[in-house]
Amino acid sequence: MTAKDINGKAIAESIRARVKEQVSQRVAAGKMPPGLATVLVGENPASQVYVRNKQKACAEAGIRSFGHELPADASQQQVEDLICELNMNPNVHGILVQLPLPGHLDEEKVLNTISLDKDVDGFHPINIGRLAQKGREPLFVPCTPAGVMYMLEQELPTLEGVNAVVLGRSNIVGMPVALLLVRANATVTICHSRTRDLPDVVRQADVLVAAVGRAQMVKKEWVKPGAVVIDVGINRIADPTHPKGSRLVGDVDYAGVREVAGAITPVPGGVGPMTIAMLLQNTLHAAELYDKKAN
Ligand code: NDP
């Protein structure tokens, strides 16, 4: 059996096209275009690339972006003051603080400063808390986990009762994915660095989401035949045959696992493109929330 490839790039493109259409309808109706403020502290090259890509995607969708850069030694007060200013700015509907922040800054305090209505990354402690509570709805769902769920919902008729295993329990991927799967009525097991007999646990999964940051860790023998495998990992490995001398791989041994899984996301071209698509969708949602409050 060869797994079906889940084409995240194509799914993301369809979401981006839909957002673009909805944005142009808003503007044609005389409403403000959605606006996204990005806050980048320091000069982490990867973060600079991520922020640039997000701004480019905004421009393509007709979303205005407002880039703010602070030096690596910016104080907690400086960062929080900027966010307070953006909270008040009526042209800004969503605020994204690019993580990780430099070590001297208190990340939780910074995220807590973002207005709940503008928390398009969904990392505000209240939004995450609501995700964990029955009967409560977060205003925004974190983008990568939302992208994972979108792909799973496209792939499976229902998640109800399926055995889902999430590899990783980080605040930005593993834990919110697990909470979303629970909300979708899956039976969820969360694995981490202290999990015993990991391959045996993973083998129970009808749905496997890997977010560990370990290149090609999940092997063919770990995967239940027919399972749906979502690989969130992005790892760079040396590859002398590649023009750059290296290439990107996921947390799953794609070539091997593809032989047993029912469906699998490739890396690159799987979860990665979904994250930006979900950010655009969340920013549009933030603008709609703003309209509702203003009326
Ligand atoms: P973190 O490093 O924050 O978390 C990794 C998690 O994996 C932790 O919970 C850790 O356990 C667990 N883990 C680490 N090693 C093992 C192991 N050997 N066995 C079992 N569990 C292990 O990573 P992130 O969640 O931020 O990111 C995970 C991956 O996803 C990375 O490759 C990252 O680049 C990628 N990513 C991709 C995105 C996208 O858009 N596609 C967006 C964000 C991240 P413990 O808690 O015990 O330490």
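Note that ligands are numbered from 1 as they come in the structure, with each ligand's atoms numbered from 1 the same way.
When atom types are taken as modelled, the side chain of H68 and the backbone of I83 share no donor-acceptor pair closer than 3.5 angstrom.
Distances from atom 24 (P) of ligand 1 to the heavy atoms of G8, S170, G147 put S170 nearest. For atom 18 (N) of ligand 1, the choice among M217, M278, M175 with the nearest heavy atom turns out to be M217. For atom 36 (N) of ligand 1, the nearest non-hydrogen atom from the set V232, V201, I276 comes from V232.
Under the 4.5 Å side-chain heavy-atom criterion for Ile, Leu, Val, Met, Phe, Trp and Tyr, V252 and V202 are members of the same hydrophobic cluster.
Look at I172 and you'll find a heavy atom under 4.0 Å from some atom of ligand 1. Taking a 4.0 Å cut-off on heavy atoms, A211 registers as neighbouring ligand 1. Residue G272 places a heavy atom less than 4.0 Å from ligand 1. Under a 4.0 Å heavy-atom criterion, L167 is not in contact with ligand 1.
Both the backbone and the side chain of I234 come within 4.0 Å of ligand 1, judged by heavy-atom distances. Within the 4.0 Å heavy-atom criterion, the part of R214 lying near ligand 1 is the side chain and not the backbone. Under 4.0 Å from ligand 1, heavy atoms of V212 appear from its side chain as well as its backbone.
What sits closest to atom 47 (O) of ligand 1 on the protein, heavy atoms only, is S193 OG, 2.5 Å.
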Only distances under 3.5 Å count here; give the side-chain donor-acceptor pairs of residues 40-54 to other protein atoms, sequence neighbours excluded, each with its distance to 0.1 Å.
| unit_1 | atom_1 | unit_2 | atom_2 | d |
| --- | --- | --- | --- | --- |
| N44 | OD1 | A46 | N | 2.9 |
| N44 | OD1 | S47 | N | 3.3 |
| K54 | NZ | Q98 | OE1 | 2.9 |

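With a 4.5 Å cut-off on side-chain heavy atoms, H124 and N112 count as touching.
Between the side chains of T2 and E259, no donor-acceptor pair is found at a separation under 3.5 Å.
Atom 2 (O) of ligand 1 lies below 4.0 Å from none of the non-hydrogen atoms of the protein.
Taking every heavy atom of both residues into account, V120 and A286 meet most closely at CG1-CB, 3.9 Å.
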